[in-house]
Colleague: 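Structure provided below as structure tokens; questions to follow.
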Amino acid sequence: MRRHRIQLINPNTSQAMTETMAHTARAIAGSRVEIEAVCPKEGVPSIEGHFDEAVATLGILQQIREGEDRGVDGHIIACFGDPGLLAARELAKGPVLGIAEAAMHVASLVATRFSIVTTLPRTVIIARHLLHRYGFHEHCAAVHAIDLPVLSLEDGSGMAQQKVRDFCSNVKHQDNVGAIILGCGGMADLAAELSETLEMPVIDGVGAAVSLMESLLNLGVTTSKWGDLDFPRNKGITGPYATCLTRPSP
Ligand code: 5HY
């Protein structure tokens, strides 16, 4: 049975956060799966808004290109805004999953309603836009921001993690929901512990995306190239984006 190679892309340039997510991904992945964790060399140290997402998207598409050239089977965009997801699906042969979309699918399978706990207030609208785009807005009771800079999750003090724990405990008792989604890739390593202590499903998108990706690869389904997710037409794009675009041989 051929091994599946999944590229886990952390769209920010934090190597520490890439390792946190890679650790969780490898813990969840089955024995037939190899996780290749990467992050762009240039770009934004953390993604906390629309501008950051736009800047990070070039790095994501270049990583997709490099992964395709290495022959990976699938890609995961490990940032809770799912930046560049549809553009990445156009570029890739294999499936591409965003951690927000994956977490919402998994949460809706185990609870009729869920709440999302994310980092900064300014990113709440990004999660709301995705809830509507993916059709999960009726499943979501609330999107909360802890008012936590993303990189505080990697400062080693543990304070950010304690804030997440306390906040999720309040959400359990206030929101009348059956599940909580952790709205940042940097929180990936907290889901198992919180599910146990809160005795309810606490879902992280990295783990959810790895499991869903394995299912897609086992089913042998890939991104449809019939219609809008077909490979981009190579029409002489100039500048840094041109590097994303060598069309793979059929
Ligand atoms: C993330 N930012 O998952 C998002 C979280 C957020 O750098 N990785 C980031 O707050 O949107």
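Treat the numbers as computed from the prediction; the structure is a model and nothing was measured. Remember, it's 1-based here, ligands and their atoms both numbered in the order they're listed. Every heavy atom of this structure was used, including side-chain atoms; hydrogens, water molecules and symmetry mates were not.
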Colleague: Suppose I only count heavy atoms of C184 and a 4.0 Å limit; which atoms of ligand 1 are within that range?
Modeller: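 Contacts of ligand 1 toward C184, numbered from 1: 1 (C), 3 (O), 5 (C).
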
Colleague: Apply salt bridge (Lys or Arg N to Asp or Glu O under 4.0 Å) to residues R113 and E138 and explain how you reach the verdict.
Modeller: CA-CA 8 Å; R113 293 192 13 115; E138 288 185 11; over 6 Å; no

Colleague: For residues Q63 and H75, is any side-chain donor paired with an opposing acceptor at under 3.5 Å?
Modeller: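 Checked: Q63/H75 side chains show no N/O donor-acceptor pair below 3.5 Å.
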
Colleague: Can a donor-acceptor pair be found between the side chains of T20 and E154 at a distance below 3.5 Å?
Modeller: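 Side chains of T20 and E154: pair found under 3.5 Å.
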
Colleague: Give yes if a backbone or side-chain nitrogen or oxygen of I47 is under 3.5 Å from a nitrogen or oxygen of ligand 1, and no if not.
Modeller: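 For ligand 1, there is an N or O atom that lies under 3.5 Å from one belonging to I47.
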
Colleague: Does the side chain of T18 reach to within under 4.5 Å of the side chain of Q15, using non-hydrogen atoms?
Modeller: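 Yes, close enough: below the 4.5 Å cut-off.
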
Colleague: Tell me whether L97 shares a hydrophobic cluster with L219, the cluster being built from Ile, Leu, Val, Met, Phe, Trp, Tyr side chains joined at under 4.5 Å.
Modeller: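 Yes, L97 connects to L219 through the hydrophobic network.
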
Colleague: Compute the shortest N/O to N/O distance between G183 and ligand 1 and return yes if it is under 3.5 Å, no if not.
Modeller: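 Such a contact does not occur with ligand 1.
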
Colleague: If the cut-off is 4.0 Å to any non-hydrogen atom of V150, which atoms of ligand 1 fall inside it?
Modeller: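 Near V150, meaning under 4.0 Å from one of its heavy atoms, ligand 1 has 2 (N), 7 (O), 9 (C), 10 (O).
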
Colleague: Would you kindly confirm whether I126 and L120 end up in one hydrophobic cluster when ILVMFWY residues are joined by side chain heavy atoms under 4.5 Å apart?
Modeller: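 They do not share one cluster, since no chain of ILVMFWY contacts under 4.5 Å joins I126 to L120.
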
Colleague: Using distance alone, decide if ligand 1 has a nitrogen or oxygen within less than 3.5 Å of any nitrogen or oxygen in G185.
Modeller: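 It does: an N or O of G185 is found under 3.5 Å from an N or O of ligand 1.
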
Colleague: Taking distance alone, with N or O pairs closer than 3.5 Å, would you say S46 contacts ligand 1?
Modeller: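 No; every N/O pair is 3.5 Å or more apart.
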
Colleague: Going by the closest heavy atom to atom 8 (N) of ligand 1, which one wins out of G49, A188, C79?
Modeller: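 Of the listed residues, C79 has the closest heavy atom.
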
Colleague: Quick one: does T118 get within less than 4.0 Å of ligand 1, heavy atoms only?
Modeller: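 Yes.
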
Colleague: Looking at T123, which atoms of ligand 1 are within less than 4.0 Å of one of its heavy atoms?
Modeller: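 Listed by number with element: 10 (O), 11 (O).
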
Colleague: Could you check whether any side-chain heavy atom of L151 comes within less than 4.5 Å of a side-chain heavy atom of D155, counting everything from C-beta outward?
Modeller: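 No - every pair of side-chain heavy atoms lies 4.5 Å or more apart.
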
Colleague: Considering distance alone, does some N or O of T119 sit under 3.5 Å from an N or O of ligand 1?
Modeller: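 Such a contact does occur with ligand 1.
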
